[in-house]
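Below: one structure, written as structure tokens.
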2 protein chains.
Amino acid sequence: MKTLRLTSNDRAVLFDSRFFARLPRATAEAILDGTIASTHEEHDILFRQDEPVDHVFFVLSGLVRLYRLGKDGREADIAVFPKGEIFGENAMFLEHRATANAQAAEPLIVARLESRKLRQLAAENTDVAQALIELLCHHGKMTEDCLAEDRLLTAPQRVASYILSHCPDGLSSFSFRLPFQKNVLAGKLGLAPEALSRAFSMLRQSGVTVKGRVIEIRDRQALEKF
Amino acid sequence: MKTLRLTSNDRAVLFDSRFFARLPRATAEAILDGTIASTHEEHDILFRQDEPVDHVFFVLSGLVRLYRLGKDGREADIAVFPKGEIFGENAMFLEHRATANAQAAEPLIVARLESRKLRQLAAENTDVAQALIELLCHHGKMTEDCLAEDRLLTAPQRVASYILSHCPDGLSSFSFRLPFQKNVLAGKLGLAPEALSRAFSMLRQSGVTVKGRVIEIRDRQALEKF
DNA sequence: CATGCGGATTGACCCTAATCAAATAATTTT
DNA sequence: AAAATTATTTGATTAGGGTCAATCCGCATG
């Protein structure tokens, strides 16, 4: 891990993000004051479950995987955060202890916001508090979605749902590139890689073609009723 | 459904709850101003997924089940709220749309806080915002726990974990009464009732005795390593 | 172009939990 | 207390995925 100063491009990315965009520029600046960035290799651990964390993280580039460990060492993914997303914010209000492990799923650069300062600002400034509230809501809903999908959908259905979530409304046929390795996608969907693979091949019969990272959909309808 | 005025006992319960306890009395009063209570029979629906909700709910007595519906009509429980807990708060920040269905799992009385007013108060008052933040964090962590357990633990392990969560530290043997029907517990743990039953009988060999709603543990150690 | 590596796929097998059906409790009603 | 419901348990069967092993593919490397 190397630490860096924020570049002006980094700042632009930050200010554009959902979290900062809603804040007055001065407030955003105040939060970022003292913030540094750090780079990590794939597989590096940013923090571990139950250990103290002193930052809230913003993904400047790369990908982070949040997961919990089972007694037997198995890993359960809680969430995956691409560029532009914030994570680790809940530790701020839980004695600064992480609720999960965070690992770079690709070469990674994150901005590290000082969590004590941010917490303090949230306690003084309703704009900041508001932004945090919406962030927490958003994350909460994501986990809820995840839990519901796990409990309601089979593997092919979860994959279909994931694909559809990338399909702009109205199009019946389109294609896109997976934003990360199938490996990671499998984890995010709560599947073993093999199961993801099989799910894809199951979906072939509904007009889904997979070539490397590129997914092509011929028939949206078919996918929806899967 | 009948609507009632809050009794003074209701107010006491409210003020004692985690959410209100941290607020200055005047602030709490302000939130409660205009709040009414409503009673519901078992199985009544309080609100449905994706429909508008204008309240945040506080359970005064009884039990609420939050769940999502699958396309096939199957239900996936997201959470269960006993007396003293708040739910429905995330809709406030998601266009006032519920993310799940809420159903009375027993005869129920809830206090209905006006969500627009509460949201407004949160926007003006950092104490209120703070209380909401902690509530959201807490709920977020619960769903996260749930997701992780689903993905990491087998049915008997989830049941063991549930039992242990009711066992005061240090005791090696104790007993308690399930706070709701096995039915509901099964849903909460993401299991079919049959699976819960089988899990219990599996745990018998680790010193767990089940008599009606009463669970007795003979050997905490054994449970922990299950 | 051959080589090697890691990710992805496929096959075989197994285990967990869902489902369906039936038998037993437990509760509530009468 | 008998009858009628409503929970819960148990048994049998099955579907869905996990795991392990082998193979394949894509891509970087020499």
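Labels below follow one simple rule: chain letters A, B, ... track the order of the sequence lines, proteins then strands, and each chain is numbered from 1. If you're wondering where the values come from, they're calculated on a predicted model, not measured in any experiment.
- Put simply, CZ on R74(B) is 9 Å from P on dA18(C), counting in whole angstrom units.
- Distance L189(B) CG to dT16(C) P: 18 Å, rounded to the nearest Å.
- The aromatic ring centres of F47(A) and F57(A) sit less than 6.0 Å apart.
- Using a 4.0 Å heavy-atom distance criterion, R151(A) is classed as making no nucleic acid contact.
- For the side chain to side chain contact (heavy atoms under 4.5 Å, CB included) with L185(B), the lone residue among L178(B), V80(B), L191(B), V159(B) that qualifies is L178(B).
- No hydrogens or angles considered: a donor-acceptor pair under 3.5 Å links the side chains of R112(B) and S38(B).
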Could you go through nucleotides 3-10 of chain C and list every protein N or O atom that sits under 3.5 Å from one of its N or O atoms, giving the distance for each pair?
| residue | atom | partner | partner atom | Å |
| --- | --- | --- | --- | --- |
| dA8(C) | OP1 | K182(A) | N | 3.1 |
| dA8(C) | OP2 | N183(A) | N | 3.2 |
| dT9(C) | OP1 | K182(A) | NZ | 3.4 |
| dT9(C) | OP2 | S197(A) | OG | 3.1 |
| dT9(C) | O5' | S197(A) | OG | 2.8 |

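- Between F93(A) and E89(A), the shortest heavy-atom contact is CD1-O, 3.8 Å.
- Formation of a donor-acceptor pair under 3.5 Å by the R151(B) side chain with backbone atoms of D77(A) is found in this model.
- Contact check on R68(A) versus E144(B) returns a salt bridge, with a Lys/Arg side-chain nitrogen under 4.0 Å from an Asp/Glu carboxylate oxygen.
- Ring geometry for F176(B) against F174(B) counts as parallel: the plane angle stays under 30°, on a 0 to 90° scale with 60° as the upper cut.
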| query | Going through the checks in order, is the side-chain contact (heavy atoms from CB on, under 4.5 Å) test met by L196(A) and F200(A)? | reply | CA-CA 6 Å; L196(A) 175 64; F200(A) 272 132; 3.7 Å; yes
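- When DNA chain D is scanned 5' to 3' for any atom under 4.0 Å from a heavy atom of chain A, the first and last hits are dG17(D) to dC20(D).
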